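Here's the structure we're looking at; comments come further down.
What you see below is based on every heavy atom in this structure, not just the backbone, and it leaves out hydrogens, waters and symmetry mates. These numbers were taken from a predicted model, which means no experiment stands behind them.
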Amino acid sequence: MKKNLALALVILAVTASMSAALDSSGPQSRNLGKDSNNMTWYLTEYGINYGVPYATARKYYTNPNIKKETIEQLMSYYGLRRDKASMLYFTEYGYEFTEDGTQYATSFICYYDFLGNELYTIYYDNSDEAHQKVFVKLSPNTPQSKGYAYAVGNLH
């Protein structure tokens, strides 16, 4: 009886500590709502890395016209075949922010299909002229500005 009680307490303690670890393992995904183009956005990752605020935002194609335009761009700019480009379901954007939150730069854009398979990725890593990070002014009430607010802890 004492062995069973001890075992039950150990299992309970391990379960509680695992739950706490999972709950604190990182930021929670945040629904950012729809933008002016009727596209649905989610914030999937955010925080501060090496002193630089960052966020990863996911855009779902809830506007068929924008999805069609993006598929055409994937084909014409990046050479994807129509059958592959047409599998587009969402796009993730990596953002880096200035410390004062007045500007941001896109660090990557990754296009995915319905199953989360990567269709095409662009990294803005300053490796050449075409892959330069360009900082632009952060506008209020955009997915980027909300990402910054979460990254620096102004929204929870």
Side-chain angles (χ1 to χ4, degrees), residues 17-156:
S17 66
M18 287 177 64
S19 295
L22 289 173
D23 287 343
S24 64
S25 63
Q28 300 292 316
S29 178
R30 305 290 181 187
N31 183 343
L32 300 179
K34 292 189 176 186
D35 65 13
S36 60
N37 292 317
N38 199 31
M39 303 293 274
T40 302
W41 288 80
Y42 286 87
L43 193 61
T44 60
E45 189 177 353
Y46 50 91
I48 298 178
N49 193 16
Y50 299 106
V52 177
Y54 74 94
T56 302
R58 186 176 286 182
K59 173 177 70 175
Y60 287 90
Y61 290 88
T62 49
N63 179 330
N65 293 329
I66 301 291
K67 181 177 181 176
K68 182 180 176 185
E69 288 174 17
T70 305
I71 289 170
E72 295 298 323
Q73 288 174 347
L74 286 169
M75 291 169 34
S76 64
Y77 294 156
Y78 308 117
L80 267 65
R81 296 182 328 268
R82 179 170 294 283
D83 61 329
K84 185 172 182 177
S86 295
M87 296 170 62
L88 177 67
Y89 185 62
F90 66 89
T91 300
E92 279 189 346
Y93 298 85
Y95 299 116
E96 293 180 14
F97 304 96
T98 55
E99 282 188 45
D100 64 2
T102 60
Q103 297 183 342
Y104 75 96
T106 302
S107 56
F108 70 86
I109 302 172
C110 191
Y111 302 92
Y112 293 94
D113 68 11
F114 183 74
L115 298 175
N117 298 313
E118 180 183 327
L119 299 174
Y120 193 83
T121 298
I122 306 157
Y123 293 101
Y124 296 97
D125 55 6
N126 297 327
S127 60
D128 59 30
E129 192 174 316
H131 296 92
Q132 295 294 309
K133 285 183 191 170
V134 177
F135 282 86
V136 295
K137 184 178 178 185
L138 195 61
S139 298
N141 299 318
T142 60
Q144 296 86 359
S145 67
K146 293 174 186 176
Y148 174 77
Y150 278 108
V152 297
N154 289 343
L155 295 175
H156 303 284

>> Tell me if the OH atom of Y123 is crowded by more than 12 foreign heavy atoms within 6.0 Å.
In response: no

Check whether D35 reaches the backbone of N37 with its side chain - one donor and one acceptor, N or O, closer than 3.5 Å.
yes

request  = Could you tell me if the ring centre of Y89 sits under 6.0 Å from that of Y61?
outcome  = no

| task | In plain terms, say whether E72 and R82 are close enough for a salt bridge, that is, a side-chain N and a carboxylate O under 4.0 Å apart. | result | yes

>> Tell me whether the count of non-hydrogen atoms from other residues, nucleotides or ligands lying under 6.0 Å of CD in E99 goes above 12.
In response: no

- [ ] Examine distances only and state if a side-chain atom of T40 and a backbone atom of Y60 form a donor-acceptor pair shorter than 3.5 Å.
- [x] no

Rounding to 0.5 Å, atoms CG (L43) and OG1 (T56) come to a distance of 7.5 Å

Under the 3.5 angstrom rule, does the side chain of Y95 hit a backbone N or O of P53 as a donor-acceptor pair? no

CE of M75 to CG of D83, rounded to nearest 0.5 Å, is 9.5 Å

Looking at V52, is its backbone amide N or carbonyl O close enough to the side chain of N49 to form a donor-acceptor pair, meaning the two atoms are under 3.5 Å apart?
no

Test side chain to side chain contact (heavy atoms under 4.5 Å, CB included), reference K59, set F90, Y93, Y42, output is Y93

Separation between OH (Y150) and OG (S145), nearest 0.5 Å, reads 11.0 Å

When rounded to the nearest 0.5 Å, the distance separating CG of L32 from CG of N141 is 11.5 Å

### Task
Verify whether one side chain among Y112 and R58 offers a donor that lies under 3.5 Å from an acceptor in the other.
no

dist L119:CG -> S86:OG (nearest 0.5 Å) comes out at 10.0 Å

Just by distance, do the side chain of Y124 and the backbone of A130 share a donor-acceptor pair under 3.5 Å? no

